[in-house]
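Residue numbers run from 1 in the order of the sequence given. These numbers were taken from a predicted model, which means no experiment stands behind them.
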Amino acid sequence: MTASATSLSFVTVSSGQDDRVAFLSLARPDSANAFNDAVIKELVAHLEGLRKAPKLRAVVLRGEGKHFSAGADLSWMKASAKLSYDENLSDARGLIALFEAVATMPVPTVAAVHGAAYGGAVGLAAACDVAIAAESARFSLSEVKLGLMPAVILPYLMRKMRAGGLRRAALTGRPFSAAEAREMGLVERVVPDADLDLAVREELDLILQGSPEAQAKLKILMQELEADDLRQSPRTAEAIAKLRTGPLAQAGLASFFEKKSPPWTAKL
């Protein structure tokens with residue numbers, strides 16, 4: 001996972017600390033890192049490739065230049081207005097593939113948001129496990145102002161955001177601040193602009209203290225419970241029993257009682 005990019009260079013990927021962390025950067029700063037078909041396909045390809053990285057412990061999504069992402073590219077939006085229903089359906093399914101690739105990553109995901117995060121970029125942050133925003137970041141679900149709606153990203157927004165705040169943001173398209181995004185549950189931390197990289201590093205250090213097996217299985221269990229309306233089921237007891245009797249949990253428990261660091265612990 002050495003630093004690389006596809007030939008289109010809309011997304012760059014670099015790694016940290018022996019490939020434990022992958023940094024995916026939207027790399028269209030002259031276009032405020034706006035999404036188009038090529039960006040979406042590149043992101044999906046990178047994320048699918050990272051699933052196969054054996055040492056991977058976390059993925060960070062960020063944007064190059066002044067902004068995280070301004071959402072949909074204007075030229076792409078103009079072209080989509082001329083597409084048929086079936087062609088628009090195919091485009092929407094491509095977006096679903098992107099957000100599902102983020103939401104179902106087997107390792108923790110972190111969004112580092114600065115500048116503008118509009119439209120689909122808000123969904124990208126919501127699809128991550130943790131979102132950290134710079135104080136000056138600005139968010140907007142502006143689709144209704146164009147006669148559209150944030151349909152594809154709505155499941156991810158509804159999983160994280162307070163219902164009333166989401167309704168107001170989506171129905172009005174009004175911009176909102178990083179502080180408001182935290183109040184609504186979209187982001188977990190808001191930090192001074194100069195401290196965004198440090199805050200991401202702190203979050204990664206926390207992630208690297210956890211068992212990668214436990215983190216991966218926890219993410220799956222949370223997704224299953226969400227799909228089942230958060231009802232209690234036999235799968236919760238089965239999940240902890242299987243984990244507790246596995247070799248990594250056994251090593252972690254032994255390390256705890258011996259007052260040692262567990263074998264998976266790492267730092268950036």
Side-chain angles (χ1 to χ4, degrees), residues 1 15-22 24 47-61 96-97 99-112 123-132 153-163 166 182 184-189 199-268:
M1 258 179 355
S15 61
Q17 191 62 25
D18 301 325
D19 291 346
R20 289 188 179 96
V21 179
L24 266 66
L47 289 163
E48 291 301 321
L50 288 170
R51 286 178 179 273
K52 304 169 187 176
K55 297 180 182 178
L56 188 67
R57 299 286 307 276
V59 174
V60 178
L61 296 180
I96 289 173
F99 295 116
E100 281 296 285
V102 175
T104 63
M105 280 298 291
V107 299
T109 51
V110 180
L124 200 59
C128 288
D129 297 310
V130 179
I132 303 172
I153 62 175
L154 202 55
Y156 314 99
L157 299 175
M158 292 181 72
R159 289 172 194 170
K160 290 197 76 175
M161 296 179 69
R162 181 172 55 81
L166 172 56
R182 181 177 55 195
M184 288 189 283
L186 176 63
V187 303
E188 282 66 45
R189 292 184 65 186
V200 170
R201 185 186 181 95
E202 290 172 347
E203 199 66 32
L204 291 171
D205 281 337
L206 288 172
I207 289 168
L208 293 173
Q209 304 310 302
S211 159
E213 180 187 34
Q215 289 166 339
K217 291 186 176 180
L218 174 60
K219 290 191 66 170
I220 292 171
L221 182 59
M222 291 175 75
Q223 291 160 11
E224 290 175 345
L225 292 175
E226 283 176 347
D228 199 25
D229 294 326
L230 305 182
R231 285 191 289 265
Q232 182 61 268
S233 76
R235 64 165 58 97
T236 59
E238 292 165 0
I240 187 60
K242 287 178 182 177
L243 198 62
R244 191 178 287 152
T245 54
L248 269 186
Q250 290 287 308
L253 288 166
S255 297
F256 174 77
F257 288 115
E258 294 169 11
K259 298 183 179 180
K260 297 178 180 178
S261 296
W264 57 73
T265 301
K267 284 184 71 69
L268 286 182

I'd like to check [X] versus [Y] (side-chain heavy atoms, cut-off strictly below 4.5 Å). Are they in contact?
X	Y	value
I240	T236	no
L50	L24	yes
R51	P106	yes
Y156	E100	yes
V107	P212	no
E203	E188	no
P263	S255	yes
R20	L204	no

Heavy-atom closest contact ([X] atom, [Y] atom, distance):
X	Y	result
T265	Q209	CG2-OE1, 2.9 Å
L221	R235	CD1-CD, 3.7 Å
A101	L47	CB-CD1, 3.8 Å
T245	Q250	CA-NE2, 4.1 Å
V21	V60	CG1-CG2, 4.1 Å
D129	P108	OD2-CA, 3.2 Å

- CA sep, side-chain torsions, deciding dist, call: I207, V110, side chain to side chain contact (heavy atoms under 4.5 Å, CB included): CA-CA 10 Å; I207 289 168; V110 180; 3.8 Å; yes
- Item | Backbone of V130 reached by a side-chain donor or acceptor of R189 within 3.5 Å |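 No: the side chain of R189 does not pair with the backbone of V130.
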- Message: Test your reading of the model: is there a side-chain donor-acceptor pair from Q215 to the backbone of A58, 3.5 Å cut-off?
- Response: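 No, because the side chain of Q215 does not come within donor-acceptor range (under 3.5 Å) of the backbone of A58.
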From [X] atom [atom1] to [Y] atom [atom2], the distance as rounded to the nearest 0.5 Å:
X	Y	atom1	atom2	value
M222	I220	CE	CD1	12.5 Å
L154	L166	CG	CG	6.0 Å
L157	L186	CG	CG	7.0 Å
E258	L253	CD	CG	11.0 Å
F256	S261	CZ	OG	12.5 Å

- Would you mind listing every salt bridge (charged side-chain N to carboxylate O under 4.0 Å, His left out) that reaches into residues 205-214, with sequence neighbours excluded?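 The answer is D205-K267, E213-K217.
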- Message: Using the rule side-chain contact (heavy atoms from CB on, under 4.5 Å), only one of R231, Q232, E226 pairs with D228; which is it?
- Response: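 When side-chain contact (heavy atoms from CB on, under 4.5 Å) is applied between D228 and each of R231, Q232, E226, only R231 qualifies.
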